[in-house]
Amino acid sequence: MAKKILMSVNMRCQKCRSAALKIGGQTTGVTFVGLEGEEKDQVVVIGEGIDAAGLVLRLRKKVGFADLISVTDVDTS
């Protein structure tokens, strides 16, 4: 079953946004990466077999402060 992971990331500029999307896209098992929220400060990752905590740690290391908001199941059919 696919998971939808929603994370809040402190992104100050366009370069930070593209770095966050790149990190999310490089993760194995990811089928969708996007930005949500009014200020485009939330990263959404959908896929199977994704380590949510590991993804947040990589975002914190490369981009800045990141916080895991939710992990929910997604029906892919």
Side-chain angles (χ1 to χ4, degrees):
M1 170 127 347
K3 302 275 185 192
K4 178 180 177 182
I5 302 168
L6 182 63
M7 300 164 285
S8 174
V9 183
N10 186 12
M11 297 179 278
R12 299 173 302 280
C13 59
Q14 184 62 33
K15 186 177 178 182
C16 295
R17 283 185 180 89
S18 58
L21 291 174
K22 185 177 179 182
I23 291 168
Q26 289 176 342
T27 306
T28 57
V30 171
T31 57
F32 174 80
V33 179
L35 296 174
E36 280 187 0
E38 285 185 26
E39 298 177 14
K40 301 291 183 192
D41 60 344
Q42 296 176 346
V43 178
V44 177
V45 178
I46 298 175
E48 292 188 26
I50 302 170
D51 180 20
L55 183 57
V56 170
L57 287 177
R58 276 183 272 148
L59 284 169
R60 284 180 184 162
K61 184 176 180 180
K62 298 289 184 178
V63 179
F65 179 76
D67 191 23
L68 184 63
I69 296 174
S70 69
V71 179
T72 57
D73 290 330
V74 175
D75 188 19
T76 58
S77 57

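FYI, the numbering just counts along the sequence from 1.
- Residue-environment remark: CD (Gln14) exceeds the threshold of 12 foreign heavy atoms within 6.0 Å.
- Cluster partners of Ile23, using a side-chain heavy-atom cutoff of under 4.5 Å among ILVMFWY residues and allowing indirect links, are Ile5, Met7, Val9, Met11, Leu21, Val30, Val33, Leu35, Val43, Val45, Ile50, Leu55, Val56, Leu59, Val63, Leu68, Val71.
- Residues satisfying the side-chain hydrogen bond (donor to acceptor under 3.5 Å, both in side chains) criterion with Ser8, sequence neighbours excluded, are absent altogether.
- The line from CG of Asp75 to CE of Met1 is 6.0 Å long, rounded to the nearest 0.5 Å.
- Shortest non-hydrogen contact noted between Val74 and Lys3 is CG2-C, 4.2 Å.
- Of all non-hydrogen atoms in Glu36 and Lys4, the two that sit nearest each other are OE2-NZ, 4.1 Å.
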